[in-house]
J.: 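The structure's right below; bear with me while I get my questions together.
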Amino acid sequence: MDKMPKWADVVLVPVVSLLLAAIISAIVFLAIGQNPWEALKLMAYGAVGTSDFLGYTLFYATNFIFTGLAVAVAFHASLFNIGGEGQVLLGGLGAAIVVLLVPWPHWTLALIAGGTAAALFGALWVVIPAYLQARRGSHIVITTIMFNFMASGLLVYMLAGPLKPEGQQQVASGLFPEASKLPSLNDIAEMFGSDMFGRSPVNISIFIAILACVAVWALIWHTRLGYQIRALGKSESAAKYAGISAVNITMITLLISGALAGMMAINNTMGINSPQLVDNAAGGAGFIGIAVALMGRNHPVGIVIAALLFGALYQGGAELAAATDVQVQIVIVIQALVIMFTGALDEMVRSPIEKLFLRFGRGTAVEE
Amino acid sequence: MSEIAPAIELVGISKAFGPVQANKDISIRVMPGTIHGIIGENGAGKSTLMSILYGFYKADAGEIFISGQKTVIPDSQAAIAAGIGMVFQHFKLVQNFSVLENVVLGAEDGALLRPSLAKARKQLKSLAEEYELNVDPDAIIQDIGVGMQQRVEILKALYRQADILILDEPTGVLTPAEADQLFRILGRLKEEGKTIILITHKLREIMDITDTVSVMRRGEMTSTVKTSETNPADLAERMVGRKVLLRVDKVPAQPKDVILEVKDLNITDEKGVHRLKGVSFNVRAGEILGIAGVSGNGQSELLEVLGGYEKATGEILLNGEAIDLTGAFSDGQSRRARGIAHVPEDRQHEGLIMDFTAAENTAFGYHHDPKYQRNRLLMDNAAIMKDAQEKMDRFDVRPPNPMLAAKNFSGGNQQKVVVAREIERDPDLLLVGQPTRGVDIGAIEFIHQQIVALRDAGKAILLVSVELDEIMGLSDRIAVMFDGQIMGERLPAETDEKELGLMMAGVTDGETA
Amino acid sequence: DGPAIIYDLGGKFDKSFNESAFGGAQRWAEETGEEFAEFEITSDAQREQAIRRFAEAGNNPIVMAGFSWATPLSEAAGDYPDTKFVLIDMVVDAPNVRSVVFNEHEGSYLVGMMAAEASETDIVSFVGGMDIPLIRKFACGYAQGVMAANPDATVIANMTGTTPSAWNDPVKGSELTLSQISQGSDVVFAAAGGTGIGVLQTAADEGILSIGVDANQNYLHPGQVLTSMLKRVDNAVYESFVAGEGVEVGFNVMGVSNDGVGYALDEHNADLVSAEMQAMVDEAAAAMASGELMVHDYMSDETCPALEF
Amino acid sequence: MDFFTIVQLGDASVRMAIPLLLACLAGLFSERAGIFDIGLEGKMLAAAFLSAAVSLASGNVWVGLLAGIGISITLSIIHGLASITFRGNQLISGVAINFFAAGLTVVIAQGWFAQGGRTPSLPKDARFNGLDFPGALTRVRDKMQASPGMQFYSEFVSGHSILVYLGLLTVPLSWWILYRTRFGLRLRAVGEAPEAVDTAGISVVRLRYSAVIIAGILCGIAGAYLSTAVQAGFTKDMTANRGFIALAALIFAKWRPWYALGACLLFGLFFAIDNRFQNIQLQVIWIMVLLVGSAAVMTVYALRREKIDVLVLGGLSVVLAAIALVTWFGTASGEGIGMIAALWETVKVPSQLIQSLPYLFVVIVLAGFVGKAIPPRAGGQPYVKER
Ligand SMILES: Nc1ncnc2c1ncn2[C@@H]1O[C@H](COP(=O)(O)OP(=O)(O)OP(=O)(O)O)[C@@H](O)[C@H]1O
Ligand SMILES: Nc1ncnc2c1ncn2[C@@H]1O[C@H](COP(=O)(O)OP(=O)(O)OP(=O)(O)O)[C@@H](O)[C@H]1O
Ligand SMILES: [Mg+2]
Ligand SMILES: [Mg+2]
């Protein structure tokens with residue numbers, strides 16, 4: 001039963017949820033003795049106040065687009081890939097190995113090779129959870145959480161051992177060769193005499209992210225595979241009747257999801273100013289992807305908007321933490337509230353709105 | 001009007017589920033010590049009404065009087081306290097609990113379990129003796145048959161000392177013999193002065209056992225009559241609101257070559273239960289083979305095997321060529337490619353994706369068809385839309401809007417979308433499961449006509465239905481299934497409902513002949 | 001603008017390295033009444049952003065505590081030629097960077113001698129934080145000191161882990177200490193940041209002696225902490241802040257000779273350190289200062305004459 | 001390994017198992033009632049923080065414990081609101097609660113104590129300290145010299161904090177509640193068939209809320225144990241994924257209390273090994289046997305199944321075999337000895353691998369190779385009567 005118009009579903013409900021999350025966040029600020037309004041202003045300034053800040057916001061948004069898409073693709077098949085974090089790390093590992101091993105003559109080649117490796121490694125990291133889900137019904141949520149932990153173990157092993165240059169103390173790979181460095185957006189802006197993005201690391205990966213959005217949109221709504229993914233996600237029994245192989249589609253969907261998460265590495269590993277793979281490179285982006293996908297209603301357009309919002313929150317929150325005594329973890333709190341309200345408490349927001357629409361007769365007319 | 005107060009009196013009950021008005025201003029009175037029948041089409045609101053009486057749903061409006069006393073029933077607790085017991089259409093049992101635990105659940109005597117269980121065990125024994133309701137108190141529910149499970153449900157009610165017993169379609173899952181046993185028990189209970197409400201689709205049961213009967217249609221209570229003052233035809237008419245054609249108009253079949261040949265089909269499920277035991281039959285071009293049987297006797301599995309989504313051993317030949325039953329090509333896609341179309345038994349969970357638009361649903365299962373592709377990569381959503389629009393127009397699906405999600409159509413129109421999709425493929429073989437379950441009478445006639453038309457176009461049709469009337473009306477040949485086996489084949493003209501009913505209960509060919 | 005300090009992952013209240021740096025900054029703030037900017041990163045990915053943020057905001061000088069800052073700093077320093085950076089524990093060769101490194105092996109040598117003297121079982125032990133060359137440098141100096149004071153002694157050395165979380169795992173520190181005690185150790189030196197809290201706690205509970213690190217940790221369990229190996233990060237920070245924008249760039253070594261490292265003696269451990277023990281250690285310190293005594297630095301060639309890793 | 005080391009290992013396993021056990025039983029009550037709870041981690045974390053903070057402020061650790069339980073129950077009720085009342089997605093609600101706790105504990109700790117998101121160290125009398133049984137030796141050095149019986153008594157039996165003994169008691173208690181009381185019967189029923197409970201005249205909502213509140217209490221104790229018994233104060237993320245391990249233990253335990261004890265002790269042992277043994281050395285030959293052996297088993301299994309199994313398991317086998325070979329060749333060339341001799345060389349198992357063992361084990365358990373676990377039938381789904 002469509003109880004309310006589509007715009008209410010995709011715009012009104014998330015906006016109200018977001019407002020509720022904002023109100024509770026304000027209460028948290030008050031509880032720790034911060035003026036929420038001041039905090040908001042600081043965060044806004046931190047997010048877009050200077051060209052550097054703006055650049056960082058876009059940089060983080062790029063990360064979140066990748067992980068948001070990863071979560072969303074899986075959601076369409078009713079799968080909850082909570083392993084973005086580990087897949088991002090593995091993506092970084094793939095990119096680092098390929099870029100450090102081969103002296104790529106030009107960044108375009110490095111981008112193609114590194115991006116492919118990142119996607120491949122991200123996808124590989126989800127093979128076993130996907131297989132166990134598809135074949136043995138082991139819950140993807142728990143297996144991917146376990147794989148997150150194992151990913152950070154593996155990453156540290158690689159960074160503390162094989163990938164660490166002689167004599168370096170920091171647990172990190174060596175710097176990537178200069179030739180493989182991706183152009184930053186500011187490099188491009190400078191060609192037009194602008195300094196729009198300052199020294200922030202936002203780089204051409206953002207265009208790859210946008211391309212990925214278009215690709216996901218086409219995949220989900222315009223290909224047979226996407227049709228089958230959605231069918232499986234909506235009704236497993238019907239998919240079975242139609243001859244859609246749950247095992248294959250589950251595997252493929254999760255592999256695509258893992259690849260998208262892995263591709264985040266081109267931004268946060270290859271795209272930064274001093275490209276190298278560091279410990280904990282994902283920085284929570286895998287989890288933020290969940291919030292981004294939920295808020296973006298699993299649609300690429302929504303995901304871009306949500307990613308920008310979360311990029312601003314992440315960057316603004318860091319700035320708030322630097323400028324005041326508030327810990328940067330406040331961002332995690334806000335993120336939790338957004339997940340709670342747009343994800344789990346969806347019904348709490350939706351049902352009064354539905355009732356309003358039903359009462360005022362704006363719902364789509366339904367025949368008997 | 002008698003002096004004694006009615007056991008139950010409902011006044012002005014209304015209930016809406018969202019925009020669906022399931023019950024509209026319903027009033028009814030049931031006298032104590034009687035059996036009251038309620039009939040009505042699928043979705044008429046029978047279960048809803050009884051669930052309100054039992055406190056499962058809350059009515060939007062209306063009042064309930066028990067033995068003349070106004071009673072508020074906000075939850076089942078209150079209903080039980082008022083002496084009401086209900087056996088739901090879909091049993092409400094905890095599958096991995098024992099019979100005893102299920103009976104005790106909610107009717108324990110104290111915070112500790114042991115004394116309650118001991119007491120219940122004793123009581124169960126005496127109830128079993130009193131009403132011939134034998135069950136092993138320590139059996140686990142998932143290990144016993146549906147007939148047994150139903151006994152547990154009745155025992156649950158009796159254990160709670162129910163004076164009013166509601167049974168919602170109790171015989172749908174029973175063999176005729178089990179049903180007879182049930183009716184004997186009900187008779188006993190009635191003699192003891194208990195009041196019984198019986199919901200059923202089977203007019204014969206109404207005629208046999210009830211004292212009064214109410215008819216519901218589209219959420220309204222259309223009439224209540226003494227059973228002795230009515231007859232099946234009259235009731236049918238009251239049920240659908242007009243004269244019902246109990247027969248389907250069709251010319252005699254002209255069977256040609258064998259299209260489908262099934263040989264010695266066997267299925268054992270993961271629990272080790274034999275679902276199909278050596279099933280063999282064939283269907284010719286231009287004929288309808290109807291498969292009758294009480295649900296749960298292997299018909300669903302048979303359709304699933306033929307439709308390609310259940311594995312089996314044995315042999316299936318289509319147009320003389322073997323079909324892969326276990327390997328990589330035993331899936332729905334390859335079956336469709338071989339010219340088998342399938343209207344599944346459960347349109348909501350199999351035939352349609354309720355959240356997909358009607359257009360997307362008309363391509364469902366045929367999404368690989370080249371006519372839906374724009375190129376190797378992309379699907380042609382415009383072509384799907386156009387195709388859907390045409391099909392919906394031809395099959396008179398209302399509203400004819402391909403952009404509407406399937407869940408927004410009524411059951412009958414949903415079924416039309418499925419039937420349109422499958423019949424329009426012009427298949428060699430059409431599998432049809434319960435084509436008119438939950439479909440209104442107008443749509444039933446339309447769908448029946450379409451099936452007959454396909455037959456007349458020289459296609460083979462395998463029809464599975466639990467409605468004997470439908471089987472008798474549509475089929476050119478009838479096979480009866482019981483316990484995973486084909487009990488025998490009959491021609492409609494040479495058999496009657498009584499014989500088929502016996503076969504459905506497992507009485508073998510020889511014995512009936 | 002004023003000076004700024006950025007802490008490493010352990011956070012500014014790690015009771016150890018970062019806290020020591022914070023202490024230096026605090027001392028400066030109290031003495032001058034001025035304010036400084038500070039930031040605690042939560043992941044490696046934030047390092048460069050943190051440096052640039054303060055440089056953009058005009059803070060000068062910017063002090064960074066920890067070797068992990070070397071890579072991002074060498075990347076960013078060139079972009080801000082007018083800003084002075086101070087890097088502690090690692091060297092970056094740039095015209096506007098002051099690099100401060102400590103001779104931890106020297107201080108560790110001294111407390112190693114004290115440990116050997118105090119031990120009754122002739123078995124002493126070491127709990128390191130993250131297994132990196134810097135921590136091996138501590139362990140190696142310690143072992144050399146032990147051997148110098150008692151050639152028959154045994155040194156048990158364990159590292160908590162290979163990840164930064166090894167700096168912050170008191171439970172594991174405690175378990176490692178227990179296992180060392182059951183191997184006979186009766187003096188344990190913790191060079192493990194926050195993990196050391198668990199080491200010192202367990203040592204106190206089990207009635208053996210412990211040795212703190214970086215800051216003076218004697219007060220944590222009075223009478224049960226033999227001494228603390230002081231690494232005066234606080235001084236390095238304090239001096240940089242005092243020097244302000246004019247802070248001298250280049251390479252700077254803080255050792256025993258210039259009070260960069262040493263051992264702690266206060267009212268909490270006065271009863272534990274005998275006059276003779278003190279004399280012996282002070283003599284060694286003087287020898288180091290004069291260049292007579294050369295303690296082997298593990299990081300010079302990644303080998304240790306007194307200990308196997 | 002001498003006897004005392006084994007006793008110590010057992011002792012440490014119990015200590016490490018307790019928070020897992022409490023969280024696992026919390027999950028057991030919740031999931032038995034049909035509510036999935038991946039927010040165990042967050043509840044423990046919040047409880048760890050608040051109990052440390054309140055113990056510190058009040059000087060009374062019992063008050064701290066109560067506060068921890070209180071906050072954990074509060075989060076449980078939020079989870080209940082989302083998943084019972086508003087019929088939301090229980091997984092998402094759990095994820096949100098984990099984040100909420102991870103962020104808020106640090107933010108508030110900073111607001112209250114300004115120590116970078118941790119509480120100051122708790123003084124001894126604001127903690128749960130070890131209970132020393134009569135006659136038990138307390139110091140490791142004394143115990144080492146004692147007789148094996150004394151070692152066992154002093155190390156393994158005595159010396160734990162009261163919460164350890166309480167924690168162990170919750171196992172029989174949970175069993176008794178679940179299988180011997182009316183409440184337990186109803187609780188188990190509501191996770192299997194809420195409609196049966198509803199039509200039996202029992203409130204599904206009330207039952208499920210009781211279950212999540214019990215889960216809250218148990219998580220609260222688990223959290224308080226971490227910050228006031230194991231450690232002396234709160235540090236950020238101090239629960240260190242125990243909530244997730246507990247969930248896995250729950251599956252391994254097939255949602256049964258006594259099995260849960262076994263599963264948690266096993267995971268406790270993993271932690272104890274990781275904490276205590278720095279360098280686990282293994283002969284190359286064992287590595288070969290282990291890795292190549294599992295690769296062979298997997299391949300044999302896969303070959304009897306379908307293409308996809310061959311692809312995935314075969315790939316995995318190749319990876320395992322490759323790791324084995326790299327280790328072998330690496331050792332041979334690193335030591336400059338022959339291939340055969342290298343088989344008897346020992347190599348250090350990477351500590352990251354040891355640390356990953358619990359997680360790896362969880363995956364193997366989930367794969368069902370350790371026996372199939374059937375979750376409560378209605379688990380994870382909200383109870384919806386009317387659409
Ligand atoms: N829980 C529910 N939520 C929403 N709609 C419902 C619910 N239960 C029933 N309905 C709708 O209410 C109407 C009446 O349903 P009800 O189950 O009472 O019919 P019925 O007469 O018992 O039919 P049947 O013979 O199929 O059992 C139908 O349109 C049905 O779809
Ligand atoms: N027109 C059709 N009608 C029915 N079934 C078809 C049709 N075309 C193909 N199929 C069946 O669909 C299945 C897959 O067909 P096909 O090889 O064309 O798909 P595909 O393009 O490879 O799909 P995918 O991209 O999903 O792999 C096969 O089982 C095939 O027999
Ligand atoms: Mg009904
Ligand atoms: Mg193809």
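So that the names make sense, note that chain A is the first sequence line, chain B the second, and so on, each numbered from 1.
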J.: If you tally heavy-atom pairs under 4.5 Å against chain D, which of A:Q34, A:H139, A:M348 wins?
T.: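 So the answer, after comparing A:Q34, A:H139, A:M348, is A:M348.
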J.: Is the closest side-chain heavy-atom distance between D:F113 and D:P120 below 4.5 Å?
T.: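 With C-beta onward as the side chain, the pair touches.
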J.: Measuring heavy-atom distances to chain A, does D:N98 have an atom under 4.5 Å in its side chain, in its backbone, in both, or in neither?
T.: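 Nothing of D:N98, per the 4.5 Å heavy-atom cut-off to chain A.
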J.: For D:V95, is it the side chain, the backbone, both or neither that has a heavy atom under 4.5 Å from a heavy atom of chain A?
T.: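 Contact with chain A is through the side chain of D:V95 alone.
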J.: With chain A, which of D:I38, D:L353, D:I92 has the greatest number of heavy-atom pairs at distances under 4.5 Å?
T.: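 So the answer, after comparing D:I38, D:L353, D:I92, is D:I92.
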J.: Could you verify whether a donor N or O on one side chain and an acceptor N or O on the other, from A:T144 and A:N81, lie under 3.5 Å apart?
T.: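 Distance-only check fails for A:T144 and A:N81.
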J.: Which residues in residues 287-296 of chain A have a heavy atom less than 4.5 Å from any heavy atom of chain D?
T.: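 When heavy atoms of chain D are the reference, residues 287-296 of chain A contributes A:F287, A:I290, A:L294 within the under-4.5 Å range.
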J.: Heavy-atom pairs under 4.5 Å with chain A are the metric here; pick the option from D:N89, D:T85, D:I308 that has the most.
T.: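 When all of D:N89, D:T85, D:I308 are compared, D:I308 has the most.
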J.: How close do D:S76 and D:A215 get, counting heavy atoms only, and between which atoms?
T.: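 For D:S76 and D:A215, the tightest heavy-atom pair comes out as OG-C, 4.3 Å.
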J.: Please state whether the side chain, the backbone, both or neither of A:I145 comes within less than 4.5 Å of a heavy atom of chain D.
T.: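 Interface part for A:I145: side chain.
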J.: Do any N or O atoms from the side chain of A:S78 and from the backbone of A:G233 form a donor-acceptor pair under 3.5 angstrom?
T.: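 Pair found, side chain donor or acceptor close to backbone of A:G233.
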J.: Which pair of heavy atoms, one from D:M238 and one from D:A48, lies closest together, and at what distance?
T.: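 Heavy atoms only, the tightest pair is SD-CB, 4.0 Å.
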J.: Any salt bridge between D:D309 and D:R304, counting N to O under 4.0 Å?
T.: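 Here D:D309 does not pair with D:R304 in a salt bridge, since their nearest N and O are not under 4.0 Å apart.
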J.: Are any of the side-chain heavy atoms of D:R242 and D:M44 separated by less than 4.5 Å?
T.: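 D:R242 reaches D:M44 side chain to side chain.
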J.: Would you check if the side chain of D:D237 reaches a backbone N or O of D:A240 as a donor-acceptor pair within less than 3.5 Å?
T.: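 Answer holds: no.
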J.: Measure distances from A:I128 to the heavy atoms of chain D and classify the residue's part below 4.5 Å as side chain, backbone, both or neither.
T.: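 When you check distances to chain D, only side chain atoms of A:I128 fall under 4.5 Å.
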J.: Would you kindly say whether A:S138 and A:T143 are connected by a side-chain donor-acceptor distance under 3.5 Å?
T.: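 Their side chains do not contain a donor-acceptor pair, so the 3.5 Å distance test is not met.
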J.: Looking at chain D, which one of A:E347, A:M340, A:R135 has the largest number of heavy-atom pairs inside 4.5 Å, strictly under?
T.: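 Result: the option with the highest number of such pairs is A:R135.
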J.: Report which part of A:I32 has an atom under 4.5 Å of a heavy atom belonging to chain D: side chain, backbone, both, or neither.
T.: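 Contact with chain D is through the side chain of A:I32 alone.
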J.: Is the side chain of D:T74 donor-acceptor paired with the backbone N or O of D:G70 at a distance under 3.5 Å, no angle test?
T.: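 Yes; judged by distance alone, with no hydrogens or angles, the pair exists.
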J.: Using ring centroids (six-membered ring only for Trp), state whether A:F147 and D:Y359 fall under 6.0 Å.
T.: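 D:Y359 vs A:F147: aromatic centres not under 6.0 Å.
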J.: Is there a donor-acceptor contact under 3.5 Å from the side chain of D:D274 to the main chain of D:Q352?
T.: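 Such a contact is absent between D:D274 side chain and D:Q352 backbone.
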J.: Using a cut-off of under 4.5 Å on heavy-atom pairs, state which of D:L247, D:I108, D:L91 scores highest against chain A.
T.: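 Top option by heavy-atom pairs under 4.5 Å: D:L91.
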J.: Establish, from distance only, whether the side-chain atoms of D:Q90 and D:D37 form a donor-acceptor pair under 3.5 Å.
T.: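 Result is no, nothing qualifies.
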J.: Determine the option with the most heavy-atom pairs under 4.5 angstrom with chain A, choosing from D:G88, D:P375, D:G103.
T.: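 Looking at each option in turn, the highest pair count goes to D:G103.
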J.: Using non-hydrogen atoms and a 4.5 Å limit, figure out which bit of D:I78 sits close to chain A: side chain, backbone, both or neither.
T.: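 Contact with chain A involves both backbone and side-chain atoms of D:I78.
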J.: Could you tell me which portion of D:L360 (side chain, backbone, both or neither) has an atom closer than 4.5 angstrom to a non-hydrogen atom of chain A?
T.: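 Both parts, backbone and side chain.
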J.: If you count heavy-atom pairs under 4.5 Å with chain A, which of D:S93, D:G111, D:A114, D:S83 comes out on top?
T.: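 If we count pairs closer than 4.5 Å to chain A, D:S93 comes out on top.
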J.: If I measure from the heavy atoms of chain D, does A:D346 come under 4.5 Å with its side chain, its backbone, both, or neither?
T.: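 Neither the backbone nor the side chain of A:D346 comes within 4.5 Å of chain D.
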J.: Would you tell me whether A:T250 and A:Q133 have side-chain atoms, one donor and one acceptor, within less than 3.5 Å of each other?
T.: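 No, no side-chain donor-acceptor contact under 3.5 Å.
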J.: When only pairs under 4.5 Å are counted, which of A:F80, A:F149, A:F341 shares the most heavy-atom pairs with chain D?
T.: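 Option with the top pair count is A:F149.
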J.: As an exercise: rank D:L104, D:V362, D:I97, D:N241 by heavy-atom pairs under 4.5 Å with chain A and give me the winner.
T.: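 Sorted descending by pairs with chain A, the first entry is D:N241.
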